[in-house]
Amino acid sequence: MQSPSIKSVLSKLITLTGERETHSLEISLAQTLFDLVAPGAVVIYRALNIEQHIFSATLIDGAPFQEIIPRPLLHALEKCIKSGNACEYQDEGQALVMLYPLKSSKNEPVAVVAIQSPEHESQFREVTGMLLQIYQNFMELMNDNERDTLTGLLNRKTFERKIGKVITRIQHLSNREEDHGEHKQFFAIFDIDHFKNVNDQYGHLVGDEVLLRFSQLMTLNLRDKDLLFRFGGEEFVGVFECRNIDEMKMVLERFRGKIEVFPFPQVGQVTISTGFTEISGYDVSSQIIDRADVSLYYAKNHGRNQVSNYEELVEAGLLQENKIEGDIELF
Ligand SMILES: Nc1nc2c(ncn2[C@@H]2O[C@H](COP(=O)(O)OP(=O)(O)OP(=O)(O)O)[C@@H](O)[C@H]2O)c(=O)[nH]1
C-alpha cells in the first residue's frame, strides 16, 4: 500500500460525506478503500435476506466477479453480519480477504465490505479501521437527521426527499415497455382516534408511550421495505408497494386489526383511522398528502377505526375528485 496524500484523502472524504443515500454512501466508501488502501479487490455484499442466504454483490473494481457466492464465503458473510464484527476469509486462491460489517442508519449490520488483504497488512488495517469509523459516525449523524427522536421512524423532512425518488421511479417504470404496471406505490396516513382523550385522561407521558408503542407496532407488522414516517403529533404515514388497491387495503386492514386488539399499557384499546391513495408519476408530494388526508377524514367522519381509499371513494361518488391546479383547488 502506498501512503495516500493528504489531498487525496481529503478529496475522498469530501465525496463520502457529501452522500445522503445509504447505497451511494456504501459505494463511495468501498471506492475510497479501493483507491486509497487496497487496490487489490473490493466488493460490497448486501444482505437481501439473511435467512435464505441471499446477498447481492457490488463489484468496485479489480476483484474477480463471481455470480454465485461460494458457500464458505456465504457462511463467512453471514457470520460477519450476525456478529457485527470483522472476520477473515481465505478464498479459493488462498488470498486473505477481510470482511467488515457495514451498519445501517439504525445501527444494524446490513452489508459487508470484502477487501483482499494487501501485503502491508498492519497499515492497511489501521487505515481501513479509521475509514470505517468515519463512515459509521457519518451514518449516525444521518440517522439523527433523518429520524424522529421519540419513535425512531423517518421524519417529515426525510419524507420530502424519499417521496421525490418514489415519484421519479414510477415515471421511469411507466416509460418502460416491459413494465405492465404490476407494482404500484401507495401512500397511507394513519391517525390515532381520539388521541386528545388519551392525553387528557392519562397525561402526556402516557400519550407519548402510546405513540412509541404504535410506532413499534408499525415496524413490527409492516414489511421492512415499506417506508414508515412520523409526520409529527399523532400522525404517521407510510409508502407501500403493492399489486393493486385490494391488496393494499388488505395490508392496511390487517394492520388496523392488530392495533385494535393490542393492549396499550394503562390505556387499553386504541384504534386508528387510515386514508390511502395511489401515487402517480404526475404527482407532487402535496397532492398525494391531500388525497390521503381527504380519505382519512372520510374515515374519521364515518365511524373511525377504518380504512378508506381515495380512488374508491371518488369512483363511488362519495368524494369529488380533488383536482389541484397550481395553488387553486377545484372541486
Ligand atoms: N402525548 C403527545 N401528544 C401529542 C403529541 N403531538 C400531538 N399530540 C396531541 O395529539 C392530540 C391530537 O388531537 P386531535 O387531532 O385534535 O384529535 P383526536 O383527539 O386525535 O381525535 P380524532 O383525530 O378526531 O379522532 C392533541 O391533543 C395534541 O396535543 C406528542 O408528541 N405527544
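Ligands are counted one by one from 1 in listed order, and the atoms in each one are counted from 1 as well.
Nearest to atom 6 (N) of ligand 1 by heavy-atom distance, out of G203, S273, G233, is G233.
Using modelled atom types, one side-chain atom of D283 and one backbone atom of S280 make a donor-acceptor pair closer than 3.5 Å. Side-chain atoms of E278 do not come within 3.5 Å of backbone N or O of F186 as any donor-acceptor pair.
Considering backbone and side-chain atoms together, N199 places an N or O closer than 3.5 Å to an N or O of ligand 1. The N/O atoms of F195, backbone and side chain alike, include one that comes under 3.5 Å of an N/O atom in ligand 1.
Atoms of ligand 1 found under 4.0 Å from any heavy atom of H194 (numbered from 1 in listed order, with element): 18 (P), 19 (O), 20 (O), 21 (O), 22 (P), 25 (O). The atoms of ligand 1 that sit less than 4.0 Å from any heavy atom of R304 are 22 (P), 24 (O), 25 (O). Contact atoms of ligand 1 toward R230: 30 (C), 31 (O) (distance under 4.0 Å to a heavy atom of the residue). Interface atoms of ligand 1 facing G207, defined by a heavy-atom separation under 4.0 Å, are 1 (N). Listed by number with element, the atoms of ligand 1 under 4.0 Å from a non-hydrogen atom of D191 are 23 (O). Contact atoms of ligand 1 toward E234: 10 (O), 12 (C), 15 (O), 20 (O) (distance under 4.0 Å to a heavy atom of the residue). Near D193, the atoms of ligand 1 lying under 4.0 angstrom from a non-hydrogen atom of the residue are 25 (O).
At a heavy-atom cutoff of 4.0 Å, ligand 1 is contacted by the side chain of L211 but not by its backbone.
The six-membered or imidazole ring of F159 lies near that of F231, with a centre-to-centre distance under 6.0 Å. Proximity of the aromatic rings of F190 and F255 is defined here by a centroid distance below 6.0 angstrom, and this criterion is met. For F229 and F236, the distance between ring centers is not under 6.0 angstrom.
When only non-hydrogen protein atoms are considered, atom 27 (O) of ligand 1 lies nearest to K196 CG, 3.4 Å. The protein heavy-atom contact nearest to atom 2 (C) of ligand 1 is D208 OD1, 3.3 Å. Of the protein's non-hydrogen atoms, the one nearest atom 22 (P) of ligand 1 is K300 NZ, 3.4 Å.
Ion pair E247/R243 flagged as a salt bridge, since at least one NZ, NE, NH1 or NH2 atom sits closer than 4.0 Å to an Asp/Glu carboxylate oxygen.
Listed here is the closest heavy atom pair of K162 and L154: CE-CD1, 4.4 Å.
Ring geometry for Y298 against H302 counts as parallel: the plane angle stays under 30°, on a 0 to 90° scale with 60° as the upper cut.
More than 12 heavy atoms of other shown residues, nucleotides or ligands fall within 6.0 angstrom of atom NZ in K300.
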